[in-house]
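Some notes on the structure that comes next.
Just so we're clear, the structure is a prediction, and the values are computed from it rather than from any experiment. All chains are named by letter (A, B, ...) in the order of the sequence lines, taking the proteins before the strands, and each is independently numbered beginning at 1.
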Amino acid sequence: MTTIDASLFDDLQKRGLIAQTTGGDVLADYLASGSRTLYSGFDPTADSLHIGHLVPLLALKRFQQAGHKPIALVGGATGLVGDPSFKAAERKLNTPDIVAGWTDKLKAQVSRFIDFDSGENAAEVVNNLDWVGDMNVLDFLRDVGKHFSVNNMINKESVKQRIDREGAGISFTEFTYMLLQSYDFAELYKRHNCTLQIGGSDQWGNITGGIDLARRMYSGETYGMTLPLVTKSDGTKFGKTESGTVWLDPAKTSPYAFYQFWLATADADVYKFLRYFTFLPLADIAAIEEEDKAAQGRPQAQSVLAREMTALIHGEQGLQAAERITEALFSGSLDQLDESDLEQLKLDGLPSSELARDQLGDKTLTQWLVDAEMAASGKQVKDALGRGAVTINGAAISFEENLDAAACFAAERAKFGRFYVAKLGKKKYHLFQVG
RNA sequence: GCAGGGGUUCCCGAGUGGCCAAAGGGAUCAGACUGUAAAUCUGACGCGCAAGCUUCGGUGGUUCGAAUCCACCCCCCUGCACCA
């Protein structure tokens with residue numbers, strides 16, 4: 001018999017991870033009194049999850065650690081339709097083979113976070129295409145559609161802006177999304193006795209839809225719970241950097257970049273994020289906050305957060321790689337790096353590229369740096385050059401040297417005959433290997 | 001379909017014949033200060049090292065000269081009408 005950690009609900013609440021629940025106190029008791037099966041869905045809208053998905057994904061893990069059985073649903077079917085919830089405009093459909101490929105990737109990704117070998121409450125990964133894929137239209141309309149009131153659906157907050165706003169509109173396809181997701185819940189209730197669905201707060205409408213459907217189709221008593229949308233104190237969108245979305249796939253966002261993202265968290269957000277994203281006990285987080293407050297200067301919270309998250313997503317090895325690069329670039333001196341260190345930085349995910357020595361003269365330095373994606377335009381590099389903000393292997397490059405890229409990458413400046421660490425501004429690094 | 005309004009550089013938004021690569025704000029980038037923060041201040045912000053080149057929904061025209069004027073086309077919004 002699995003032991004239930006009855007303090008789960010309280011812990012979630014204190015972490016700020018509960019936005020809304022159905023049933024109020026009943027849910028807390030329900031969770032404390034037995035091992036329950038719950039699910040959360042992830043639609044394949046890209047070939048990787050990003051950090052925005054982390055809150056529900058890690059919530060599944062929290063539930064499992066407390067003795068409940070998590071099901072991660074990958075929306076092979078719903079991903080073909082597109083969720084209109086709180087979206088300003090109709091989205092374009094992806095082809096079935098693309099969505100199928102993404103579904104496979106997400107399945108693999110999601111699987112790393114939950115435990116499949118823990119006996120009674122072992123996790124499962126399911127794909128709703130398995131039960132929706134072969135359903136025919138008439139069955140769907142008669143068995144599922146009949147339970148939904150269009151009047152009700154129109155009044156949902158999540159589609160309101162699409163219905164109310166002139167010129168926006170919503171296709172029947174997207175309008176139907178809610179029925180599909182509701183059907184998932186009903187189906188999981190029937191198949192796995194799944195009685196709780198969790199999701200982002202934008203999923204409230206879809207979750208309550210599923211609760212209603214499970215009751216109507218199977219007289220099932222089910223619950224719903226939403227997690228807060230992650231917001232930042234400065235009002236900008238969480239999870240975006242200047243170079244775009246922060247992905248969980250190391251091939252799309254390197255562990256180093258991932259680590260740096262968390263390290264850059266604003267003071268005003270960092271303790272909240274520690275509660276949201278890490279598994280550190282609340283008491284430990286409070287202690288960190290206390291210490292930071294008492295100490296002058298740089299808080300430790302950001303590096304704790306960065307370490308925890310990088311280890312969680314990319315493992316110890318990923319964390320070490322990220323720390324090696326960070327250490328080399330921001331604390332140590334480049335001179336301390338030996339040849340294998342530089343090779344390692346490349347493998348660790350420091351942005352790098354190879355240049356041919358005899359072609360260096362073909363372009364200006366600004367152009368080479370733009371090609372390496374260190375800056376958006378030559379103008380920016382030029383600006384930085386004028387302020388002495390561009391260095392190669394530690395030596396500042398002057399404005400005049402711009403035209404002579406070959407001199408900037410002169411052989412005598414190289415480390416070990418071929419490596420050049422270019423730095424633009426305070427944080428942008430790029431490793432050039434000239435051969 | 002008819003009538004009216006509108007499409008400007010990443011976003012918002014000025015600009016109605018030359019002084020416009022185009023006000024102002026936001027975002028972004030760099031510098032100072034700092035903690036690889038925040039706030040603040042400074043600079044940059046179509047592309048180009050530069051000469052110069054390319055922009056204001058599209059095409060063609062008027063003009064020495066057009067984001068600005070004309071014609072046609074495309075798209076969006078508002079109202080009205082139509083819906084066998």
Side-chain angles (χ1 to χ4, degrees), chain A residues 88-90 161-162 164-169 231-246 254 256-274 288-289 291-307 310 322-334 345 350-351 360-391 394 396-409 421-430:
Chain A
E90 184 89 9
Q161 59 170 324
R162 295 281 290 279
D164 291 350
R165 217 174 84 189
E166 292 291 342
T231 55
K232 292 204 296 177
S233 55
D234 63 4
T236 57
K237 202 170 178 183
F238 170 76
K240 299 276 180 189
T241 65
E242 55 284 8
S243 39
T245 306
V246 180
S254 72
Y256 162 67
F258 187 84
Y259 180 89
Q260 287 286 326
F261 168 81
W262 294 104
L263 202 59
T265 304
D267 292 3
D269 296 320
V270 71
Y271 305 102
K272 177 170 91 175
F273 286 2
L274 281 169
I288 293 170
E289 189 164 5
E291 278 178 43
D292 283 347
K293 212 177 277 177
Q296 288 298 311
R298 185 177 192 170
Q300 56 175 324
Q302 278 88 346
S303 57
V304 172
L305 180 65
R307 274 204 305 276
T310 310
E323 288 190 313
R324 264 196 303 274
I325 300 179
T326 299
E327 177 70 21
L329 299 181
F330 292 97
S331 323
S333 154
L334 291 177
L345 290 186
L350 180 68
L360 283 175
D362 296 355
K363 294 179 187 171
T364 55
L365 181 67
T366 50
Q367 191 57 51
W368 285 116
L369 298 192
V370 168
D371 287 353
E373 296 183 338
M374 290 187 78
S377 75
K379 276 264 170 63
Q380 288 186 358
V381 180
K382 210 183 98 182
D383 179 49
L385 280 171
R387 291 162 177 272
V390 178
T391 65
I397 304 298
S398 72
F399 190 71
E400 290 70 35
E401 288 175 273
N402 180 35
L403 286 182
D404 193 358
C408 296
F409 291 104
V421 177
K423 178 184 179 194
L424 193 164
K426 283 179 191 155
K427 299 184 200 173
K428 285 182 208 149
Y429 290 92
H430 194 95

List, one per line, each side-chain donor-acceptor pair under 3.5 Å for residues 263-273 of chain A, sequence neighbours excluded.
unit_1	atom_1	unit_2	atom_2	d
A/T265	OG1	A/W262	O	2.6
A/D267	OD1	A/Q302	NE2	2.8
A/D269	OD1	A/S233	N	3.0
A/D269	OD1	A/S233	OG	3.4
A/D269	OD2	A/S233	N	3.3
A/D269	OD2	A/S233	OG	3.4
A/Y271	OH	A/D292	OD2	2.7
A/K272	NZ	A/T231	O	3.1
A/K272	NZ	A/T231	OG1	3.4

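Rounded to whole Å, the distance from CZ on A/F399 to P on B/G31 is 16 Å.
Taking the P atoms as reference points, B/A81 lies 36 Å from B/U68, given to the whole Å. Taking the C1' atom of each, B/A22 and B/A66 are spaced 13 Å apart, rounded to whole Å. As rounded to the nearest Å, B/U54 and B/G7 have P atoms that lie 25 Å from one another. Using atom P as the reference point in both B/A51 and B/C64, the two lie 30 Å apart (nearest Å). Spacing between B/C33 and B/C49 at atom C1', rounded to whole Å, works out to 31 Å.
Here A/N402 lies in heavy-atom contact (under 4.0 Å) with sugar-phosphate atoms only.
Distance from the side chain of A/S377 is smallest to B/C47 among B/C49, B/C47, B/A30. Here the side chain of A/K379 is nearest to one of B/C49, B/G48, B/A30, namely B/G48.
Figure legend. B/U9 is base-paired to no nucleotide; pairs are counted as Watson-Crick or G-U wobble with both atom distances under 3.5 Å. As the counterpart of B/C64, B/G18 is assigned, both hydrogen-bonding distances of the Watson-Crick or G-U wobble pattern falling under 3.5 Å. Pairing for B/C72 is with B/G58, a Watson-Crick or G-U wobble pair whose two hydrogen-bonding atom distances lie under 3.5 Å. Across all strands shown, B/C45 remains unpaired; no Watson-Crick or G-U wobble contact has both distances below 3.5 Å. Using Watson-Crick or G-U wobble geometry with both donor-acceptor distances under 3.5 Å, B/U40 finds its partner in B/A32. Checking B/G79 for Watson-Crick or G-U wobble geometry (two distances, each under 3.5 Å) identifies B/C2 as its partner. Shown here, B/A50 forms no base pair; nothing in the strands shown gives a Watson-Crick or G-U wobble contact with both key distances under 3.5 Å.
Rounding to the nearest 0.5 Å gives a distance of 12.0 Å between CD of A/E327 and CD1 of A/I325.
Here the shortest heavy-atom pairing between A/K382 and A/F399 reads CG-CE1, 3.1 Å. When all heavy atoms of A/L360 and A/F409 are compared, the closest pair comes out as CD1-CB, 3.7 Å.
Between A/G425 and A/G378, the residue anchored closer to the 5' end of RNA chain B is A/G425, taking for each the nucleotide with the nearest heavy atom.
Annotation: A/E373, atom CD; neighbour count of heavy atoms from other residues, nucleotides and ligands within 6.0 Å does not exceed 12.
A side-chain donor-acceptor contact under 3.5 Å links A/Y429 to the backbone of A/L329. Remark: the backbone N or O of A/T366 is paired with a side-chain donor or acceptor of A/N402 at under 3.5 angstrom.
Residues A/S398 and A/E401 bring a donor and an acceptor atom of their side chains to less than 3.5 Å of each other.
A sub-4.0 Å separation between OP1 or OP2 of B/C29 and a side-chain N or O of A/K382 is absent.
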Could you list all N or O pairs between the protein and nucleotides 34-38 of chain B that sit under 3.5 Å apart?
unit_1	atom_1	unit_2	atom_2	d
B/U34	O4	A/K426	NZ	2.7
B/G35	O6	A/D267	OD2	3.2
B/G35	N1	A/D267	OD1	3.4
B/G35	N1	A/D267	OD2	2.8
B/G35	N2	A/D267	OD1	2.9
B/U36	OP1	A/R298	NH1	2.7
B/U36	O2'	A/K427	NZ	3.4
B/U36	O2	A/Q260	OE1	3.1
B/U36	N3	A/Q260	OE1	2.8
B/U36	N3	A/Q260	NE2	3.3
B/U36	O4	A/Q260	NE2	3.1
B/A37	OP1	A/K427	NZ	3.1

